[in-house]
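Residue numbers begin at 1 in each chain, while the letters A, B, ... track the order of the sequences.
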Amino acid sequence: MDADFLRIARWLERQPWNSPGTDKAWVLKATWTAYEFHREVRRAVRVGSS
Amino acid sequence: MAAASPLLEALATLARAGVEFVVVGVSGINFYARDASEAVVTADVDVFLAPRVEALRSALGALRRTGFELWAGGEPFLDVDDTEILANLIRSGANVTAENEAGARVDLMLSAAGFGYDDLAADAVTFRLGDVEVRVGRLEKLLRSKELAGRPKDVAFLRLFAARLREGAGED
C-alpha cells in the first residue's frame with residue numbers, strides 16, 4: 001500500500017464513528033438491504049406497455 | 001424502517017455462543033464506513049476464527065442451529081462433532097462456508113493472507129451490534145491482507161476503495 005493510502009486508512013480508523021464500542025448494526029442492515037435491492041433488480045422482468 | 005439482516009443475526013449468534021473470532025475481509029472493512037454510501041454491497045461476512053477445535057465446533061453448531069448449511073471444499077460439511085476432522089481443517093487452514101436460504105453467507109476462515117489469528121486479534125477493534133460485541137480487524141491490516149492476497153478482485157477492490165477513501169478524506 002502506498003504511504004498516502006495508509007495514512008488515510010489510519011485517519012479513518014481514528015474518526016469518531018469508529019470509536020471502540022460504536023454500534024455498527026446499521027452497516028450490516030444497510031449492505032443487506034442494498035444486496036436484496038440489486039438481487040431484485042436482476043430478477044425484474046420488463047413488462048411491455050400496451 | 002430498519003431491515004432485518006441475516007448477516008447481522010449470524011454475527012450476533014456467533015457472539016452469543018461465545019465463539020472467538022475477528023471480522024475480516026470486505027465485511028470487516030465496511031465496519032469503518034461513515035455511512036451507507038461508503039459501504040460495499042456484499043452478501044458475505046468473513047469471520048476469522050481462533051484456531052482451536054472448540055471455536056470451530058461452537059461456530060459450526062451455532063450457525064447450523066440457526067438454519068445455515070455448511071460446506072467445505074465444495075461439499076456439504078456434516079462432521080461438526082468430529083474432533084479429528086475439525087483439527088485437520090484447522091491444520092490445513094481451510095475455510096468452511098455457511099449459507100442460508102436467504103442467500104446470506106458466512107465464510108469461516110482458518111487462515112488469512114499475511115496475518116495469523118493472533119496478529120489480527122491482538123489489536124482488533126470492538127464494536128457493538130445492538131446488545132452484542134464483535135471484534136473487527138484493524139482497517140490497515142484488513143487492507144494489507146487484501147493486498148497480500150493479490151487476487152484480481154482484491155486488486156480491483158483496493159483500487160476502488162482507495163479512490164473512495166481519498167475522495168472522502170478530501171471532503172473534510
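Atom CZ of A/Phe5 is separated from atom CD of B/Glu147 by 8.5 Å, given to the nearest 0.5 angstrom. Interatomic distance, B/Leu8 CG to A/Trp32 CH2, rounded to the nearest 0.5 Å: 11.5 Å. Considering CZ of B/Phe161 and CG of A/Leu12, their distance stands at 6.0 Å, rounded to 0.5 Å.
Residue-level contacts of residues 14-33 of chain B with chain A, in order of numbering, are B/Asn30, B/Phe31, B/Tyr32, B/Ala33; threshold 4.5 Å between heavy atoms. Annotation: residues 102-130 of chain B contacts chain A through B/Ala102, B/Gly103, B/Ala104, B/Val125, B/Thr126, B/Phe127, B/Arg128, B/Leu129, B/Gly130 [non-hydrogen atoms, separation under 4.5 Å].
Under the 4.5 Å side-chain heavy-atom criterion for Ile, Leu, Val, Met, Phe, Trp and Tyr, B/Phe48 and B/Leu56 are members of the same hydrophobic cluster. If you chain together hydrophobic residues whose side chains sit under 4.5 Å apart, A/Val27 and B/Val136 never meet in one group. Both B/Leu142 and A/Trp17 are members of a single hydrophobic cluster when ILVMFWY side chains are connected at heavy-atom separations under 4.5 Å. Placement of B/Ile90 and B/Trp71 in two distinct hydrophobic clusters is found when ILVMFWY residues are connected by side-chain heavy-atom separations under 4.5 Å, directly or transitively. Hydrophobic clustering (ILVMFWY, side-chain heavy atoms < 4.5 Å, transitive): B/Leu158 and A/Leu6 are in one cluster.
A/Glu13 places a side-chain N or O within donor-acceptor distance of the main-chain N or O of B/Leu139, the cut-off being under 3.5 Å.
Contact annotation: the side chain of B/Leu7 approaches that of A/Leu28 to within less than 4.5 Å [non-hydrogen atoms, C-beta and beyond]. Two residues are said to be in side-chain contact when any heavy atoms from C-beta on lie closer than 4.5 Å; A/Gln15 and B/Arg34 fail this criterion.
Ranked by heavy-atom pairs under 4.5 Å with chain A, the list B/Ala36, B/Ala39, B/Ala43 is led by B/Ala43.
Atom CD of B/Glu101 sits in a sparse spot, with 12 or fewer heavy atoms from other residues, nucleotides or ligands closer than 6.0 Å.
With a threshold of 4.5 angstrom between heavy atoms, B/Glu140 approaches chain A through its backbone and through its side chain. Using a 4.5 Å cut-off between heavy atoms, B/Val40 touches chain A through its backbone atoms (N, CA, C, O) alone. Looking at A/Ala25, the atoms closer than 4.5 Å to chain B (heavy atoms on both sides) sit in the backbone and in the side chain alike.
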